[in-house]
Amino acid sequence: MTLNKLTLHKYKLAIGITLLFHVSAIIGLLFTDYDDFFIDNTPLNLIVSLVLLIYTHQKINKSLWLFFIACIFAGLTYEIIGINTGFLFGDYEYSSVMGYKIWGVPILLGNLWFITMYTVGSLTFQTYTWLKIKYNLAISKGLELHVLAIAGAFAAVFLDLFLEPVAIKLNFWQWYPLGEIPIYNYVCWFFGSLILQYLFVNLSFNKQNKFAVYLYVIQLIFFITISLFYK
């Protein structure tokens with residue numbers, strides 16, 4: 001797909017802003033004494049990431065907004081059930097870092113669910129499209145949708161593997177009783193993500209947002225770096 005100059009400009013601007021936020025946070029957390037400043041501004045980072053995804057999305061339509069609403073509703077519902085019953089994810093609790101909470105769940109978690117589901121969906125869709133063209137793959141439409149949804153759910157779990165240790169270190173949330181992350185959390189992440197990934201692949205909106213792929217990679221590098229080096 002050929003990108004016009006305006007789209008390329010949007011991608012470059014969005015990638016530049018995202019790198020600025022994440023590289024600054026890495027430097028601030030690892031090499032300065034201003035940990036609290038960068039941790040407290042996590043909500044701002046989430047809001048900026050959301051705005052940049054919408055800004056770089058080409059041809060916004062009702063299907064995209066439907067997916068946006070579905071992710072926020074489903075994500076908050078998952079989390080509210082998890083926090084208040086322990087039935088999903090395990091026994092955990094959110095701190096005040098993420099801002100205003102409803103039934104124990106920060107409202108901004110809805111944003112995080114959308115950002116994650118959008119980026120992993122875009123990543124798997126664009127990777128599959130590239131492989132399909134390069135190797136002339138011939139797969140039925142039905143099987144293709146299953147492959148994309150399952151791959152997207154695995155990509156979400158893979159990101160969460162590195163997000164969880166960082167969230168604990170930065171006190172976004174904590175696990176009880178011993179602070180260990182249960183395997184059950186990742187199982188629930190997979191199936192919760194799978195439902196939304198099926199929605200992603202079936203709704204008719206543009207899935208060729210290259211910035212979303214960069215955002216996924218930048219976040220992954222950030223989480224790996226902080227999980228390895230932040231004390």
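One-based numbering along the sequence shown. Computation of the quantities below employed the complete heavy-atom set of this structure, encompassing side-chain atoms and omitting hydrogens, waters and symmetry-equivalent molecules.
- Taking hydrophobic clusters as Ile, Leu, Val, Met, Phe, Trp and Tyr residues chained together by side-chain heavy-atom distances below 4.5 Å, I26 does not share a cluster with L20.
- Taking CG of D91 as the start and OG1 of T85 as the end, the distance is 10.0 Å to the nearest 0.5 Å.
- No more than 12 heavy atoms of other residues, nucleotides or ligands shown are found within 6.0 angstrom of OH on Y34.
- Hydrophobic clustering, with ILVMFWY side chains joined whenever heavy atoms are under 4.5 angstrom apart, groups I226 together with L228.
- The main-chain N or O of F172 is found under 3.5 Å from a side-chain atom of S95 such that the two form a donor-acceptor pair.
- L29 has its side chain within reach of I39: a pair of non-hydrogen atoms, C-beta onward, lies under 4.5 Å apart.
- Atom-to-atom distance recorded for D33:CG and D35:CG is 7.0 Å, nearest 0.5 angstrom.
- For the atom pair CD1 of I27 and NE2 of H22, the computed distance is 13.5 Å after rounding to the nearest 0.5 Å.
- For S122 (side chain) and A212 (main-chain N/O), no donor-acceptor pair under 3.5 Å exists by modelled atom type.
- Side-chain contact between I72 and I69 is absent, with no heavy atoms from C-beta onward closer than 4.5 Å.
- No side-chain heavy atom of Y214 sits less than 4.5 Å from a side-chain heavy atom of Y11.
- In this structure, the side chains of W65 and I54 come closer than 4.5 Å at one or more pairs of heavy atoms.
- A 4.5 Å side-chain heavy-atom check between F38 and S24 finds at least one atom pair inside the cut-off.
- Put simply, the side chain of N111 never gets that close to the backbone of S49: no donor and acceptor are under 3.5 Å apart.
- Ring orientation note: the planes of F89 and W113 are tilted relative to one another, at an angle of 30° to 60°.
- If you chain together hydrophobic residues whose side chains sit under 4.5 Å apart, L6 and L13 never meet in one group.
- Taking all atoms of both residues into account, the shortest heavy-atom contact from F125 to Q208 is CE2-NE2, 3.7 Å.
- Below 30°, between 30° and 60°, or above 60°: for H57 and F205 the angle between ring planes is between 30° and 60°, a tilted geometry.
- For D40 against P43, the heavy-atom pair with the smallest separation is O-CD, 3.3 Å.
- Of the inter-residue distances, the one linking F68 atom CZ with I115 atom CD1 reads 9.0 Å to the nearest 0.5 angstrom.
- Of the N and O atoms on the side chains of N209 and T56, at least one donor lies less than 3.5 Å from an acceptor on the other residue.
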Original post:
How far apart are the C-alpha atoms of L170 and T42, what are their side-chain angles, what is the distance that settles it, and do they pass the side-chain contact (heavy atoms from CB on, under 4.5 Å) test?
Top reply: CA-CA 10 Å; L170 302 184; T42 299; 5.6 Å; no
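- Remark: Q219 CD to L159 CG distance equals 6.0 Å, nearest 0.5 Å.
- The two atoms that bring L196 and A74 nearest to each other are CD2-CB, 4.0 Å, heavy atoms only.
- Both L143 and F200 are part of a single hydrophobic cluster, where members link through side-chain heavy atoms under 4.5 Å apart.
- Looking only at distances, no side-chain donor or acceptor of N41 sits under 3.5 Å from a matching main-chain atom of L44.
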**OP:** With side-chain contact (heavy atoms from CB on, under 4.5 Å) as the test, would you mind laying out the steps for W103 and I83 before giving the verdict?
**Re:** CA-CA 8 Å; W103 291 306; I83 282 289; over 6 Å; no
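- Side-chain N or O atoms of N61 include one that pairs as donor or acceptor with a backbone N or O of L64 at under 3.5 Å.
- Note on F73: it does not cluster hydrophobically with M98, by side-chain heavy-atom contacts below 4.5 Å among ILVMFWY residues.
- A 4.5 Å side-chain heavy-atom check between L215 and Y118 finds every atom pair outside the cut-off.
- For Y186 and W189, the ring centers sit 6.0 Å or farther from each other.
- The distance from the CG atom of N206 to the NZ atom of K59 is 6.5 Å, given to the nearest 0.5 Å.
- When all heavy atoms of T124 and G121 are compared, the pair lying nearest together is OG1-O, 3.1 Å.
- Although no hydrogens or angles enter the test, the distance criterion places no donor-acceptor pair under 3.5 Å between the side chain of Y230 and the main chain of K169.
- Annotation: side chain of L199 is not in contact with side chain of I195 (no heavy-atom distance under 4.5 Å).
- Scanning all heavy atoms of the two residues, the minimum distance from F158 to F162 falls at O-CD1, 3.3 Å.
- The two residues L19 and I218 make their nearest non-hydrogen contact at CD2-CD1, 3.8 Å.
- Contacts of E144 classified as side-chain contact (heavy atoms from CB on, under 4.5 Å), with partners at least two apart in sequence or in another chain: Y128, K132, I139, K141, L148.
- Side-chain atoms of Q197 never come within 3.5 Å of backbone atoms of S193 as a donor-acceptor pair (strictly under, hydrogens ignored).
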**OP:** Walk me through it: do F211 and K10 pass the test side-chain contact (heavy atoms from CB on, under 4.5 Å)?
**Re:** CA-CA 9 Å; F211 167 68; K10 286 184 175 182; over 6 Å; no
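- With sequence neighbours left out, the side-chain contact (heavy atoms from CB on, under 4.5 Å) criterion links I168 to Q174, W175, I181.
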Original post:
Between H146 and V201, is a side-chain contact (heavy atoms from CB on, under 4.5 Å) present by the stated rule, with each step listed?
Top reply: CA-CA 9 Å; H146 292 306; V201 298; over 6 Å; no
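- In this structure, L53 and T119 have side chains that are in contact, with non-hydrogen atoms separated by less than 4.5 Å.
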